[in-house]
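We number each residue from 1, following the sequence as shown.
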Amino acid sequence: MSALPTPENFDGRTQKALADARLKIAIDRTAGTARAKRAAIVGQWPDFTLARERGREIKDHVVENLDHYLAEFERNAVASGAVVHWAETADEACRIVVDICRRAGARSVTRSKSMLGEEIGLPHALEEAGIERVETDLAEHIVQLAGERPSHIIWPAMHKTREEISDLFRRHHAEPHREETAEAMAASARRHLRERFLRADVGISGANFLVADTGSVCTVTNEGNAEMTTTPPRIHIATAGIEKLVPTAAHAAMMLRLLVRSATGAALTQYTTFHTGPRRAGDLDGPDEFHIVLVDNGRSRMLADREMRPMLRCIRCGACMNHCPVFNQIGGHAYGGTYPGPMGAVLTPALDGLSMQTRDLAHACTLNGRCREVCPVDIPLPTLLKGWRTRSWREGLEPKTMRRGLSLWRWAGTHPRLYRLGAAVAARALRLAARGRGRLGRLPFLADAWTRYRDLPAPPPGPTFLEREAQRLREGTRS
Ligand code: SF4
């Protein structure tokens with residue numbers, strides 16, 4: 001028997017999300033704008049297809065030669081004065097970061113947005129260590145005040161309406177905004193965060209790219225919060241997945257064009273910084289210590305898995321989720337993991353393992369293919385999702401009812417006469433049940449899962465498709 005839907009499983013989370021009208025408004029506002037802006041800027045880029053192909057080639061080349069580029073990156077980062085740490089697991093990565101903070105006697109750390117940080121559970125690890133964590137990305141700040149998790153990899157607070165944010169700021173900021181404008185609310189957050197930027201002992205950032213031939217860490221933000229996180233504190237820690245490498249700064253520039261256009265529909269982000277080593281003699285600012293934590297956490301496993309390996313190309317632009325009809329209905333929290341949407345549905349089982357908890361994600365897909373069309377590195381997301389479905393079936397993770405139902409259907413499909421008879425009876429029974437309304441509101445038993453949220457059109461009057469096809473063949477009118 002399958003588990004009852006609860007907020008802890010995918011069904012329960014999805015039902016909760018679908019019942020939330022405010023969530024739908026918030027998603028439509030942000031994702032709709034993102035889609036329109038991306039379409040406009042890609043439309044003005046005649047070489048987009050070529051750039052996408054180059055982007056895919058660069059990422060594939062790096063992934064195929066990961067050992068070489070990791071060694072080169074480490075050599076150059078160390079030569080520039082950085083300390084490079086290697087973490088095989090999420091726990092190890094958190095331990096390394098917390099140890100550096102403890103050695104520095106840090107009581108407060110600032111953090112700029114990093115999905116890897118969420119993936120490894122860094123916010124929780126810092127809290128457990130008694131270290132104050134200040135999220136400096138505006139959306140992450142909102143999510144932290146609300147005690148929630150990000151719901152989108154680019155817009156972590158996309159599930160919040162302006163009214164909800166205004167209310168949060170009024171409750172948590174010492175000098176909140178007086179006017180209900182976006183500018184006034186941003187100023188309220190700036191007043192709240194500025195003093196915290198200056199008193200932080202350690203700044204923790206993610207990395208958009210790691211540049212192998214210079215040992216640099218590249219970050220991009222629109223708010224400048226990464227620079228405020230990495231420059232004033234005495235210590236800067238950058239955490240990065242090992243797949244973030246590009247061979248040179250020129251390759252990083254090519255990937256940045258794809259990333260920014262796909263993510264926000266802009267030509268450039270406001271701030272793009274290459275962090276190379278700590279502060280040198282004569283530098284006006286910068287950290288005294290620069291630590292780079294290179295995190296595996298399942299990526300080597302993905303590298304060894306030929307079928308899922310293309311997912312290592314992902315540059316975390318979020319375009320696939322903005323264009324996904326399922327994500328646009330249920331939002332990011334319903335996916336239950338760090339990474340939502342189509343990329344999350346592929347990545348979560350790859351990182352956490354395929355299980356009863358993660359198998360549902362691959363099924364939350366209509367296989368319409370929009371995600372692949374907009375992916376700037378051409379990841380075949382629908383194919384990978386089908387791959388997880390196949391594995392889930394082989395490993396016996398599908399509910400017994402589904403297995404039995406499909407087995408019955410397969411059996412009927414190998415008995416054409418019976419299949420035709422069954423289809424004709426079912427069509428007539430559904431037509432009768434519709435009672436001339438043209439649609440069916442609720443179906444009984446397990447079929448209710450389908451009609452709970454949607455109408456089922458009644459079969460049209462007249463012969464069924466199979467009957468028409470048989471008739472056509474009989475009359476020899478193949479066109
Ligand atoms: S899968 Fe493609 S579209 Fe989705 S986040 Fe990754 S790079 Fe962007």
_R38 side-chain N/O to G265 backbone N/O, donor-acceptor pair under 3.5 Å_ = no

*For V143 and P156, which heavy atoms make the closest approach, and how far apart are they?*
CG2-O, 3.5 Å

_Stepwise salt bridge (Lys or Arg N to Asp or Glu O under 4.0 Å) test for R170 and E164_ = CA-CA 10 Å; R170 284 192 195 287; E164 289 172 312; over 6 Å; no

*Sequence neighbours left out, what passes side-chain contact (heavy atoms from CB on, under 4.5 Å) with R29? Give chain and number order.*
I25, T161, E163

*Output yes when E135 and K113 qualify as a salt bridge under the 4.0 Å nitrogen-oxygen rule, no when they do not.*
no

*Is the ring centre of H363 less than 6.0 Å from the ring centre of F10?*
no

*Is there a donor-acceptor contact under 3.5 Å linking the side chains of T136 and H141?*
no

_Other residues, nucleotides and ligands only: do more than 12 of their heavy atoms fall within 6.0 Å of CH2 on W393?_
yes

*asked:* Are H172 and H192 an aromatic pair, judged by ring center distance below 6.0 Å?
replied: no

*asked:* Quick check: H61 with Y69 (ring centres under 6.0 Å apart)?
replied: yes

_E373 and R370: CA distance, side-chain angles, deciding distance, salt bridge (Lys or Arg N to Asp or Glu O under 4.0 Å) verdict_ = CA-CA 5 Å; E373 271 174 38; R370 199 73 185 98; 2.8 Å; yes

*Would you mind checking if R391 and E307 are paired as a salt bridge, meaning a charged N to carboxylate O distance below 4.0 Å?*
yes

*Donor-acceptor side-chain pairing of H173 and S188 below 3.5 angstrom*: yes

_Within 6.0 Å of CZ in R435, more than 12 heavy atoms from elsewhere_ = no

*Criterion salt bridge (Lys or Arg N to Asp or Glu O under 4.0 Å) on R301 and D305, from CA distance to verdict*: CA-CA 6 Å; R301 213 169 43 236; D305 183 339; over 6 Å; no

_Neighbour count >12 (heavy atoms, 6.0 Å) for atom CZ, R394_ = no

*Evaluate the criterion side-chain hydrogen bond (donor to acceptor under 3.5 Å, both in side chains) for residue pair R468 and Q471; output intermediate values, then yes/no.*
CA-CA 5 Å; R468 279 203 309 275; Q471 174 82 14; over 6 Å; no

*Any idea which heavy atoms bring L258 and P376 closest together, and the distance?*
CD1-O, 3.8 Å

*For the residue pair V295 and A93, what are the closest heavy atoms and their distance?*
CG2-CB, 3.9 Å

*Can a salt bridge be assigned to the pair E469 and R472 using a cut-off of 4.0 Å between side-chain N and carboxylate O?*
yes

*Which is it for I41 and K37 under the side-chain contact (heavy atoms from CB on, under 4.5 Å) test, yes or no, and what are the steps along the way?*
CA-CA 6 Å; I41 199 142; K37 287 177 78 179; over 6 Å; no

*asked:* For Y419, I'd like to know if atom OH has over 12 heavy atoms of other residues, nucleotides or ligands within 6.0 Å.
replied: no

*Shortest non-hydrogen contact from G341 toward M321*: CA-CB, 4.1 Å

*Is the shortest side-chain N to carboxylate O distance from E53 to R56 below 4.0 Å?*
no

*Criterion salt bridge (Lys or Arg N to Asp or Glu O under 4.0 Å) on R133 and E127, from CA distance to verdict*: CA-CA 7 Å; R133 165 180 66 97; E127 262 153 48; 2.8 Å; yes

*asked:* Tell me every residue that passes side chain to side chain donor-acceptor pair (under 3.5 Å) with E118, counting only those two or more places apart in sequence or in another chain.
replied: R111

*Measure from NZ or CZ of R359 to the centre of the six-membered ring of W388 and say whether it is under 6.0 Å with the direction within 45° of the ring axis.*
no

_Quick one: does any side-chain atom of S262 pair with a main-chain N or O of A319 as donor and acceptor, under 3.5 Å?_
no

_Run I292 and V217 through side-chain contact (heavy atoms from CB on, under 4.5 Å) and show every step you take._
CA-CA 8 Å; I292 304 168; V217 172; 3.9 Å; yes

*Where the side chain of D20 meets the backbone of L23, is there a donor-acceptor pair that is under 3.5 Å apart?*
yes

_Using every non-hydrogen atom in the two residues, find where I120 and C94 come nearest and quote the distance to one decimal._
O-SG, 3.1 Å

*Is any NZ, NE, NH1 or NH2 atom of the basic residue among R428 and E467 found under 4.0 Å from an Asp or Glu carboxylate oxygen of the other?*
yes

*Cationic tip of R316 within the cone over Y339's six-membered ring, i.e. under 6.0 Å and within 45° of the normal?*
yes

*Does the ring pair (Phe, Tyr, Trp, His ring centres under 6.0 Å) test come out yes or no for F209 and H251, once each step is laid out?*
CA-CA 10 Å; F209 298 104; H251 291 106; over 10 Å; no

_Between S112 and S205, do the side chains contain a donor N or O and an acceptor N or O under 3.5 Å apart?_
no

*N328 (side chain) donor-acceptor with N322 (main chain) under 3.5 angstrom*: yes

*asked:* Using only atom types and a distance under 3.5 Å, with no angle test, would you say the side chain of E223 pairs donor to acceptor with the backbone of L138?
replied: yes

*Do E183 and H177 have side-chain atoms, one donor and one acceptor, less than 3.5 Å apart?*
no

_If you apply the rule side-chain contact (heavy atoms from CB on, under 4.5 Å), what do you find for Y335 with L361, and how did you get there?_
CA-CA 7 Å; Y335 288 82; L361 301 175; 3.9 Å; yes

_Lys/Arg-Asp/Glu bridge criterion (N-O < 4.0 Å) met for E64, R309_ = yes

*Take H333 and E148 through the test side-chain hydrogen bond (donor to acceptor under 3.5 Å, both in side chains) and record every step on the way to the result.*
CA-CA 9 Å; H333 287 158; E148 295 173 352; 5.0 Å; no

*Could you walk me through whether N368 and T366 pass side-chain hydrogen bond (donor to acceptor under 3.5 Å, both in side chains), step by step?*
CA-CA 5 Å; N368 60 81; T366 62; 2.6 Å; yes

*asked:* Does any part of the side chain of Q270, heavy atoms only, come nearer than 4.5 Å to the side chain of T221, both counted from C-beta?
replied: no

*Any donor and acceptor pair, going by atom type alone, linking the side chain of T358 with main-chain N or O of G353 inside 3.5 Å?*
yes

*Which pair of heavy atoms, one from S114 and one from T239, lies closest together, and at what distance?*
OG-OG1, 3.9 Å

*Would E119 and R299 pass as an ion pair if we require N to O under 4.0 Å?*
yes

*Side-chain (D296) to main-chain (S300) donor-acceptor, under 3.5 angstrom*: yes

*Quick one: does R439's side chain have a donor or acceptor within less than 3.5 Å of a partner on P457's backbone?*
no

*Between the main-chain N or O of P460 and the side-chain N or O of R431, is there a donor-acceptor pair closer than 3.5 Å?*
yes

_I'd like to know if the side chain of N65 reaches the main chain of H68, judged simply by a donor and an acceptor atom lying under 3.5 Å from each other, with no hydrogens or angles considered._
no

*Please assess Q144 against E140 for the test side-chain hydrogen bond (donor to acceptor under 3.5 Å, both in side chains), listing each intermediate value before the final yes or no.*
CA-CA 6 Å; Q144 185 178 23; E140 288 279 357; over 6 Å; no

*Are there more than 12 heavy atoms of other residues, nucleotides or ligands under 6.0 Å from atom CD of E179?*
no

*Is the number of heavy atoms from other residues, nucleotides or ligands within 6.0 Å of CZ (R442) greater than 12?*
yes

*Are L347 and M302 side-chain neighbours, meaning at least one heavy-atom pair lies under 4.5 Å?*
yes

